[in-house]
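What follows is a single structure, written as structure tokens, with notes after it.
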Amino acid sequence: VTRERQFWVMGHAAYTAAQRAEAFVSLAESGNTEWKGAHLHGLNLFGLRLPGAELNFADFTGSDLRQASLAGARLNRAV
């Protein structure tokens with residue numbers, strides 16, 4: 001799956017939360033830095049490991065981030 005397709009999935013609320021979470025994790029792990037417009041609301045990100053990731057402007061409202069590790073992540077204006 002291409003990065004463009006993953007961003008398309010992540011940017012459209014019509015996709016399931018599981019599909020958007022999978023796209024988000026894949027993009028974040030590959031170094032994506034653009035999160036404006038991404039529909040990250042209500043995702044199950046339990047136990048996520050993204051140390052040092054650049055997550056500026058990411059909106060995780062209602063997402064499950066329990067036991068997630070974002071040590072050193074850039075979270076400027078992230079919610």
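Every value quoted in this text rests on a predicted model; they were computed, and no experiment measured them.
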Tell me whether [X] contacts the main-chain N or O of [Y] through its side chain, where contact means a donor paired with an acceptor under 3.5 Å.
X	Y	value
W35	E54	yes
N56	N76	yes
H39	G11	yes
R3	L27	no

Where [X] and [Y] come nearest, the two heavy atoms and their spacing:
X	Y	value
R49	Q67	NH1-O, 2.6 Å
E34	N32	O-ND2, 2.8 Å
G42	S63	N-OG, 3.3 Å

Under a single-linkage definition using a 4.5 Å side-chain heavy-atom cutoff for Ile, Leu, Val, Met, Phe, Trp and Tyr, are [X] and [Y] assigned to the same hydrophobic cluster?
X	Y	value
L40	L50	yes
F24	F57	no
L55	L65	yes

### Task
Please say which of V79, L43, L45 ends up in a side chain to side chain contact (heavy atoms under 4.5 Å, CB included) with F60.
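It is L45, the one option of V79, L43, L45 that forms the side chain to side chain contact (heavy atoms under 4.5 Å, CB included) with F60.
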### Task
To the nearest 0.5 angstrom, please state how far the CG atom of N44 sits from the CZ atom of R66.
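It comes to 8.0 Å.
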#### Entry: Straight-line distance of M10 CE to S26 OG, nearest 0.5 Å
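Going from the CE atom of M10 to the OG atom of S26 covers 10.0 Å.
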### Query
In terms of the angle between their ring planes, are W8 and H12 parallel, tilted or perpendicular, with boundaries placed at 30° and 60°?
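Correct class here is tilted.
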